[in-house]
Amino acid sequence: MKNIKIIYMAILGGLAALWLLADPVWSAPYEFFTLRAALLNLSGIVGIALMSVGMMLALRPVSIEPFVGGLDKTYRLHKWLGITGLVFSIIHWLLAKGPKWAVGWGWLERPVHGPAAEQPVAIFRFFSSQKDLAEALGEWTFYALLLLLVLALLKQFPYRYFFKTHRLLAIVYLLLVAHSLILMKFSYWGELLGPLMALLMAGGTIAAGVSLLRRVGYRYRAVGVIESVFLHSDNHVLRVAIKLTDRWPGHQAGQFAFVTFDRDEGSHPFTISSSWEGDGRMFFLIKGLGDYTNFLPEMLQPGDLLQLEGPYGQFEFNSGKLQQIWIAGGIGITPFIARMQALADHADGKRVDLFYCTREPDEGFINRLRLHSLAAGVRLHVRVDAVDGRLDAQGLIDAVPDWCSADIWFCGPAGFGQSLRSALLGRGFAGADFHQELFAMR
């Protein structure tokens, strides 16, 4: 989280600094409409810049994963940029419309301007002639942007519709690029801000084209066939074993893939629950948590084809500590199963305590965990909420007295992880030693 916070603040701070260098408003005498014009430019610049970066991040760039901590962190940054871009777009709209309303109501007096000077640059003369069209285009596109982003943030909006409507944001973005190019203050092009905005909008435009052509992650796609399906009835976890029919680069324990079982539903991210043996086989453990995953036991049959995209993620258990503590909340056990399989073949000499916390114990599932932990040399702690209570910092400390010398890897409900992290940090634990997957892609 620390890295994406730094990147987020650096983007905002950098844009503000470049705008201050490019716009002389603060050295001019105060006048409402002058200040309003400057803030209108600032909000427009920041809004389209954040959308441009967000559009590029939507391409799932593998190359930046080590810097941000994985694709889950990339998506969190993408979400922050989208929300902040929307806020600046709303401010931009209010600055554009509010003073006009105030003049109409008699609260403000419209300033009198003399005739505009002849623009010597041909492209700028063309842009000036398209100003009214660009303003109308920007207004109506803003309304579409507002609707689509609200739907994206609304958890109740079904995923099978979300992934289709979210793709429309690429069209909205392209229209906003046209609006921004025409209306951006011409003097900015002679400063550092202008070329930077050109680069960002060019990158965002390419990303929008890739999205509209449905080529996101194309190089990382593979086809597989379902070999077996087994449902653990007590905890509603479905085990789906597959055999790949395409090349796969291999994966590390803890990584995930986007899996498409149904094209109408779209791809969903699932942690790969097995280590890579090079034989083209892997399996997923999928918890029935919604209308789609609840129906998978009836939908999926051996022999069905599916599409995978990946692998993604940096939840790879790399650390310099000789001791690790793993904490799994419910279906968050999946990366730890894959890691135990890898350790059974190639031990790394670390001492590991694994806490499996569940509200729905399934004896068959837990017995498999015990076998995996024995083979990997991992000390397993099974905690059933109704019997043992929810794991807290004191429970962890009691079970692992030398907890301070370990690093912690958590996968499970975000609130559970945050409460544990806060409590442990309050007892002197280093935040950098608490690794948490942010497994939320919208």
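Note that the structure is a prediction, hence the values are computed from the model and not measured.
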Would you say the side chain of [Y] lies within less than 4.5 Å of the side chain of [X], judging by non-hydrogen atoms?
X    : Y    : value
R383 : Y356 : no
M184 : W189 : yes
L12  : V46  : yes
K243 : M282 : no
L306 : L300 : no
V229 : Q301 : no
L391 : F416 : yes
N294 : L289 : no

Results of side-chain contact (heavy atoms from CB on, under 4.5 Å) for [X] - residues two or more places apart only:
X    : value
R60  : L71, Y75, V216, F258, S267, E309, Y312
S273 : F283, L285, T334
W101 : W93, K97, W105

request  = Using the test ring-ring contact (aromatic ring centres under 6.0 Å, His included), find all partners of F163 that sit at least two apart in sequence or belong to another chain.
outcome  =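 Listed in chain order: nothing, the list is empty.
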ask   = How would you list, by chain and number, every residue that makes a ring-ring contact (aromatic ring centres under 6.0 Å, His included) with Y161, sequence neighbours excluded?
value = none
task = Indicate, with yes or no, if the rings of Y159 and F157 have centres closer together than 6.0 Å.
result = no
ask   = Does the gap between the ring centers of F410 and W326 come in under 6.0 Å?
value =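 For F410 and W326, the ring centres are not under 6.0 Å apart.
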Between [Y] and [X], is the closest basic N to carboxylate O distance under 4.0 Å?
X    : Y    : answer
K321 : D433 : yes
R368 : D362 : no
E360 : K287 : yes

ask   = What residue pairs, at least two apart or across chains, pass ring pair (Phe, Tyr, Trp, His ring centres under 6.0 Å) with a residue in residues 285-304?
value =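 Listed once each, the pairs are H268-Y292.
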query = Looking at CD of E139 and CG of L137, how far apart are the two atoms once the value is rounded to the nearest 0.5 Å?
reply = 10.5 Å
query = When the ring planes of F284 and F270 are compared, do they come out parallel, tilted or perpendicular, using 30° and 60° as the limits?
reply =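 Perpendicular, since the angle between the ring planes exceeds 60°.
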ask   = For the side chain of D385 and the backbone of R390, is there at least one donor-acceptor N/O pair under 3.5 Å apart?
value = no
ask   = Can you check whether D279's main-chain N or O pairs, donor with acceptor, with E277's side chain at less than 3.5 Å?
value = no
When you look at [atom1] of [X], are more than 12 heavy atoms from neighbouring residues, nucleotides or ligands closer to it than 6.0 Å?
X    : atom1 : value
I123 : CD1   : yes
E298 : CD    : yes
R110 : CZ    : no
F124 : CZ    : yes

request  = Would you kindly check if the NZ (Lys) or CZ (Arg) of R215 is within the cone defined by 45 degrees around the ring axis of Y218 and under 6.0 Å from the six-membered ring centre?
outcome  =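 Satisfied, under 6.0 Å and within 45°.
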ask   = Quick one: which of T205, I64, L200, V210 gives a side-chain contact (heavy atoms from CB on, under 4.5 Å) with M56?
value =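 Testing M56 for a side-chain contact (heavy atoms from CB on, under 4.5 Å) against T205, I64, L200, V210 leaves exactly one candidate, L200.
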Of L181, L145, I171, the residue whose pairing with L176 passes side-chain contact (heavy atoms from CB on, under 4.5 Å) =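 Result: among L181, L145, I171, L145 is the only option passing the side-chain contact (heavy atoms from CB on, under 4.5 Å) with L176.
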request  = List the steps, then state whether ring-ring contact (aromatic ring centres under 6.0 Å, His included) holds for F365 with F230.
outcome  = CA-CA 11 Å; F365 190 88; F230 177 80; over 10 Å; no
message = side-chain hydrogen bond (donor to acceptor under 3.5 Å, both in side chains) for E65 and T74? Distances and angles first, verdict last.
response = CA-CA 7 Å; E65 283 198 65; T74 303; 6.0 Å; no
query = Of F434, F355, F315, which meets ring-ring contact (aromatic ring centres under 6.0 Å, His included) against W409?
reply = F315
